[in-house]
Protein chains: 2
Amino acid sequence: MILPDRRKRVTIKDVAQAAGVSTQTVSRVMNKFSYVSGETRQRVEAVVEQLGYRPSTLARSLIQQRSYTLGVVTFGLKYIGPSRTLNGVADKADELGYMLLMKELDNFNTNRIDDVIDSLLARQVDGIVWVAPEIGDNHAWVEERMNKIPVPVVFLAMRPREGIPSITTDNFRGAVMAIQHLLDCGRKKIGHISGPLTWWEADERKRGWHEALKAAGIDTSEKHFTEGNWSSSSGEQAFIQLLESFPEMDAVFVANDQMALSVLREAYRRGINIPDQLAVVGFDNIHESAYFHPSLTTISQDLQLLGEQAVQNVVEMIQARQVNQPVIAQSRFIQPTLIVRESSK
Amino acid sequence: MILPDRRKRVTIKDVAQAAGVSTQTVSRVMNKFSYVSGETRQRVEAVVEQLGYRPSTLARSLIQQRSYTLGVVTFGLKYIGPSRTLNGVADKADELGYMLLMKELDNFNTNRIDDVIDSLLARQVDGIVWVAPEIGDNHAWVEERMNKIPVPVVFLAMRPREGIPSITTDNFRGAVMAIQHLLDCGRKKIGHISGPLTWWEADERKRGWHEALKAAGIDTSEKHFTEGNWSSSSGEQAFIQLLESFPEMDAVFVANDQMALSVLREAYRRGINIPDQLAVVGFDNIHESAYFHPSLTTISQDLQLLGEQAVQNVVEMIQARQVNQPVIAQSRFIQPTLIVRESSK
DNA sequence: TGATATTATGTTATCGATAACATGTTATCG
DNA sequence: CGATAACATGTTATCGATAACATAATATCA
């Protein structure tokens with residue numbers, strides 16, 4: 001069948017006229033429910049097909065005060081973590097019939113955050129998923145302004161706050177699991193290479209390292225960890241530094257797999273056998289880590305799932321609001337899992 | 001300052017009433033141009049500030065037939081390539097004052113593609129950036145339907161087609177550069193591990209490998225390459241198979257860095273020295289490849305830039321159309337670069 | 001100084017759809 | 001068989017903004 005030229009948009013009026021009915025009847029046909037006779041329905045449907053009519057979601061959103069669109073605020077999309085999360089968000093949104101209006105943050109100043117929120121609201125998003133992580137005080141605005149935002153918002157990778165919906169990997173528990181595993185392997189001198197400690201997630205992982213060791217009666221000090229910035233290159237530096245300040249170290253917990261990768265390489269260069277002399281545990285379980293040499297023991301977090309659940313959450317809140325149910329804001333944790341590979345034993 | 005409760009939206013009418021002017025005057029103040037007395041302007045601006053009024057982009061889009069929103073169609077977001085591209089798209093869109101309406105494809109059937117396009121158009125996107133790659137005949141619809149789509153569309157990672165705007169890394173040239181480099185290193189028996197050959201990009205890289213060798217007077221046959229699916233695990237399989245069918249191989253060009261990673265590992269396990277016995281060149285230049293062991297020689301493609309240029313392109317086409325200029329559809333290539341590291345010499 | 005241009009503001013129509021209300025026709029039932 | 005419910009369709013108001021047109025006051029110039 002030859003499709004009609006779509007250069008000028010076909011509107012509900014065109015259809016109504018061509019079918020010899022009112023626009024209201026066309027609307028009824030398009031939206032299924034309510035009474036339309038079989039004959040009329042068929043006639044209208046035929047015209048719809050023939051003209052290639054698609055209702056304007058825009059116009060519908062305006063009158064219904066509802067857009068079936070979610071706002072997504074991201075940060076660091078060029079890294080794999082945020083994009084895996086975004087992927088989960090996109091899949092779930094699609095499944096539930098929502099589109100995504102995306103906004104990538106570049107830096108964090110509060111003015112800009114207001115703009116971002118406003119620009120999403122100006123387009124009538126029904127809810128917002130905040131994928132950008134908590135860094136420094138970049139979420140300071142949350143407590144103050146949340147109740148001014150007229151749609152549900154769910155935060156990811158944010159420190160749980162009373163009365164504000166959030167969902168995040170349990171970074172603390174993940175780190176504890178990593179340390180526990182190393183202790184089980186008989187290691188006692190466990191160092192840590194952290195992510196940038198302004199990041200809440202990095203801080204949690206470091207806290208897990210510290211607390212788990214403390215619980216095992218082992219003290220940690222400044223000498224036992226160094227700070228990276230998530231990148232492989234920073235990991236290399238951090239490792240070299242750590243070797244100097246903590247030479248007797250027999251295991252290291254690295255805050256992400258990228259940094260762990262360069263630990264593996266640098267260890268090899270220096271003739272440090274992994275895992276015999278030094279056990280290594282990463283965090284994230286990126287696809288490649290199973291193919292590092294040696295393959296990397298790591299804490300797996302399901303970011304895809306995280307994204308999906310966040311969308312599920314917002315949509316539930318949207319629906320609850322529709323029927324005027326009270327919306328309960330909850331903070332949820334998703335538990336990561338330990339994947340044991342060659343780099344530890 | 002205490003922000004007003006945003007639970008009920010502030011409209012232009014509220015502002016007009018509070019300021020004692022007509023809505024039109026408020027509109028004039030918001031949109032700068034046209035005559036408004038200084039006094040009135042100030043009064044209106046004060047009210048806008050006080051009520052926290054933000055115009056509804058939705059309503060504006062409806063009347064202006066223009067949304068300042070671009071549709072983005074992605075595929076495989078959980079992989080790093082597409083997300084780097086998306087990052088470029090997001091940055092540039094932001095810079096040019098556009099928002100992004102995102103749609104992630106899961107699989108490819110033509111019906112769904114129609115739906116995707118329709119759902120974007122129903123929201124009045126001003127243009128579309130098609131980030132999803134060409135796989136099999138999933139772009140077959142393009143030639144037939146492009147002229148029915150009433151807004152500019154730019155395709156990425158698509159075989160250039162007459163009259164259809166596209167922009168893509170020059171995969172063929174990249175592969176040729178890789179092979180040329182290996183030839184320059186004195187290698188003559190150069191194998192190839194390709195991506196899935198239904199992907200146009202994978203096919204181009206393979207073609208580059210084949211043609212470059214042919215130009216150097218070296219024949220290739222079925223035995224000299226195997227096919228992977230981009231993943232590290234498939235790369236491992238493909239490499240093992242290739243070692244069997246092409247044991248005398250002294251270099252291998254691998255279609256992406258993930259697969260190259262497992263080639264490095266498997267070679268190490270088998271005691272094959274890299275680069276002495278076997279030189280390895282990858283493709284993509286992912287962040288980690290500089291930290292592989294040995295570090296990986298690779299072809300770097302700037303996906304961020306690709307995304308940026310695509311947006312630049314669509315926006316130019318949108319603007320041209322605004323002033324009724326003819327829009328010239330061009331296919332553009334972005335040249336990749338060779339990064340020499342330890343895995344070849 | 002009267003004609004015309006500029007400035008300032010308001011009124012009405014419009015974008016494309018649905019909500020709310022109205023009306024007429026056909027079934028159904030006691 | 002008359003009353004009421006169910007079905008079928010149309011008319012008008014509305015969402016929140018801007019376009020197009022109208023009007024009035026002031027400024028400018030021959």
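Chain naming here is simple, since letters A, B, ... match the order of the sequence lines and numbering starts at 1 in each.
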Mind checking side chain to side chain donor-acceptor pair (under 3.5 Å) for A:Lys78 and listing every partner two or more places apart, or none if nothing turns up? none
Who passes side chain to side chain donor-acceptor pair (under 3.5 Å) against B:Glu45, sequence neighbours left out? none
Just to be sure I understand the rule, does [X] reach a base, reach only the sugar-phosphate, or reach nothing, if contact means heavy atoms closer than 4.0 Å?
X: B:Ser56; result: sugar-phosphate
X: B:Gln24; result: base
X: A:Val26; result: nothing
X: B:Thr40; result: sugar-phosphate

Are B:Asn31 and B:Arg60 packed together at the side-chain level, in the sense that at least one heavy-atom pair is separated by less than 4.5 angstrom? yes
First and last nucleotide of DNA chain C, 5' to 3', lying under 4.0 Å from heavy atoms of chain B: C:dT7 to C:dG16
Pairs involving residues 8-27 of chain B, ordered by first then second residue, that meet ring-ring contact (aromatic ring centres under 6.0 Å, His included) (sequence neighbours left out):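 Not a single pair qualifies under ring-ring contact (aromatic ring centres under 6.0 Å, His included).
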Pick the nucleotide of DNA chain C nearest each of A:Asn31 and B:Ile63; which residue has the one closer to the 5' end? B:Ile63
B:Trp199: ring-ring contact (aromatic ring centres under 6.0 Å, His included) partners, not counting sequence neighbours: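 ring-ring contact (aromatic ring centres under 6.0 Å, His included) check on B:Trp199 returns B:Trp230.
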Applying ring-ring contact (aromatic ring centres under 6.0 Å, His included), name anything that partners A:Tyr98, two or more places apart in sequence or on another chain. A:Tyr68
Residue list, salt bridge (charged side-chain N to carboxylate O under 4.0 Å, His left out) with A:Glu134, at least two apart or on another chain: A:Arg161
Using Watson-Crick pairs (N1 to N3, plus N6-O4 or O6-N4) and G-U wobble pairs, both distances under 3.5 Å, which stems of at least 3 pairs involve DNA chain C?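 In DNA chain C, stems of three or more pairs: C:1-30 with D:1-30.
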For residues 119-132 of chain A, which residue pairs pass the salt bridge (charged side-chain N to carboxylate O under 4.0 Å, His left out) check, not counting sequence neighbours? A:Arg66-A:Asp126
